[in-house]
Amino acid sequence: MPMNVLVVLAHPEPQSFNGHLARRAATAMTTGGNSVRLSDLYAEDFDPCEAPRHFRSPRDPARFDPQAEQRHAWDMKSLAEDVQRHIDDVLWADLVILQFPLWWFGVPAILKGWMDRVFVYGGLYTSSRQHDTGVCCGKKILFSVTTGSPAAACAYNGREGETALHLWPLMYAFRYIGFSVLQPFVFHGVRGGLAGAAADAQRQRLLAVEDDYIRALSGIQARPGIPFNREEDWDEADTLKPGAPVYSPFIRHRRVLDLTDSPGRQ
Ligand SMILES: Cc1cc2nc3c(=O)[nH]c(=O)nc-3n(C[C@H](O)[C@H](O)[C@H](O)COP(=O)(O)O)c2cc1C
């Protein structure tokens, strides 16, 4: 069945491997009979900072409350033009592909800021519309990610920490607004600054995994999803019920490590 596919690219260099992957994905999905939009955040110079300047008819000009202003602008249909355009793209899409490099164990700032501004409170989520009842229920999201570090260092026992865990908060944000999160595609060991034989060897290796990726896109409907706790797993205090399944070390039955000091913690 043809889909509406939105490819979002977060990389400053069009000739980068990330830029290349975004264009290849867009072409492959178009060839597969889908409607495709490619959103290049750097190319449009997307402003990632949520700030008062984006709200032309503020609810309270004296004190900026981001969520209150977002809700007000959504209700008044006065969102910034770029935010409205990106929301329209997200609501149009059946599948969103996010293409980005892992930067400091997370997403590049432009992509985080895209989420801060585009996932508008009152519009893309509310207190009653999130997770299983989220606005984006029925839509799928695929992260296509590159890391500079090799696969072994990004494994569960690797020195970089497990990439899947670095991506988990991001996956959860999309789950929060209702998306079904597909198993991410991660290209490890994408190193810059190589020359000669080392550069050739990397190019050959990446060509092979790139083909795997394009094949995975053609079978995207069958790609497994990331499991998350469902509504029935939570008690009144929004904590995990005894016996509820655990899908992530972020949400579990027993404390594994006590890393923070929380004054007044009950
Ligand atoms: C600001 C910055 C932070 C980075 N942080 C990480 C990191 O946390 N983990 C990692 O494996 N690679 C890191 N890298 C390397 C990039 O992930 C790598 O260069 C990129 O995936 C290669 O893709 P490209 O050729 O399309 O840029 C970082 C690179 C930059 C510029």
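Indexing begins at 1, ligand by ligand and atom by atom, following the structure's order.
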Shortest protein heavy-atom distance from [atom], along with the residue and atom involved:
atom	result
atom 5 (N) of ligand 1	W104 N, 2.8 Å
atom 27 (O) of ligand 1	H11 NE2, 2.6 Å
atom 17 (O) of ligand 1	L102 O, 2.8 Å
atom 8 (O) of ligand 1	F105 N, 2.8 Å
atom 21 (O) of ligand 1	T146 OG1, 2.5 Å

Partner of T147 under side-chain hydrogen bond (donor to acceptor under 3.5 Å, both in side chains), picked from H188, R191, E160, H166, is H188

Output the list of atoms in ligand 1 that are nearer than 4.0 Å to some heavy atom of [X], sorted by atom number.
X	answer
P101	20 (C), 21 (O)
F17	25 (O), 26 (O)
S149	10 (C), 11 (O)
V190	18 (C), 19 (O), 20 (C), 22 (C), 23 (O), 25 (O)
T147	11 (O), 17 (O), 21 (O)
G148	10 (C), 11 (O), 12 (N), 15 (C), 16 (C), 17 (O), 18 (C), 21 (O)
N18	23 (O), 24 (P), 26 (O)

State whether the side chain of R117 and the backbone N or O of D47 hold a donor-acceptor pair below 3.5 Å, judged by distance alone. yes

May I ask you to decide if H72's main-chain N or O and D75's side chain share a donor-acceptor pair within less than 3.5 Å? no

Any salt bridge linking [X] with [Y]? Criterion: basic side-chain nitrogen under 4.0 Å from a carboxylate oxygen.
X	Y	result
D212	R215	yes
R24	D211	yes
R175	D132	yes

Within a reach of under 6.0 Å around OH of Y156, are more than 12 heavy atoms found that belong to other residues, nucleotides or ligands? no

Which atoms form the tightest heavy-atom contact between M171 and I226, and what is the distance? SD-CG1, 3.6 Å

